[in-house]
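Worksheet: one structure, shown below.
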Amino acid sequence: MPAKSRGYLQLHDTVELTLRGITVWAYTKRGKYLGRVELNRAGLSVATGRTGNKRLGNMSWEQLFERLDKER
């Protein structure tokens with residue numbers, strides 16, 4: 001049976017995205033690095049790999065929502 005994992009991010013305030021933006025790092029329960037998601041005013045970037053150098057996606061907000069709309 002697969003292990004259940006829980007995680008959440010909850011913000012109660014509006015956060016203005018700047019060029020620096022917000023970075024969310026993901027780790028396993030044992031502390032192994034999984035990857036990161038970067039959100040800034042330009043768009044979204046997702047990276048993974050042992051050191052976080054393998055880019056899975058790097059797109060503007062327009063590209064992101066066009067892709068999400070196509071997959072509906």
| said: Val37 vs Leu44, test: side-chain contact (heavy atoms from CB on, under 4.5 Å). Steps then yes/no. | reply: CA-CA 7 Å; Val37 177; Leu44 170 93; 3.6 Å; yes
| task | Assess whether side-chain contact (heavy atoms from CB on, under 4.5 Å) is satisfied between Leu34 and Thr28, documenting all intermediate values. | result | CA-CA 7 Å; Leu34 293 174; Thr28 65; 3.6 Å; yes
| query | Between Leu17 and Ile22, is a side-chain contact (heavy atoms from CB on, under 4.5 Å) present by the stated rule, with each step listed? | reply | CA-CA 7 Å; Leu17 293 176; Ile22 298 171; 3.9 Å; yes
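Among pairs with a residue in residues 28-58, those fulfilling ring-ring contact (aromatic ring centres under 6.0 Å, His included) read Tyr27-Tyr33, at least two apart in sequence or across chains. Among pairs with a residue in residues 32-51, those fulfilling salt bridge (Lys or Arg N to Asp or Glu O under 4.0 Å) read Arg36-Glu38, at least two apart in sequence or across chains. Here salt bridge (Lys or Arg N to Asp or Glu O under 4.0 Å) pairs that include residues 54-70, with residues two or more places apart or in two chains, are Asp69-Arg72.
The nearest pair of heavy atoms linking Ala47 to Gly52 is CB-O, 3.4 Å. Closest non-hydrogen pair, Ser45 versus Asn58, comes out as CB-OD1, 3.9 Å.
Here CE of Met59 is found 10.5 Å from CH2 of Trp61. Values are rounded to the nearest 0.5 Å.
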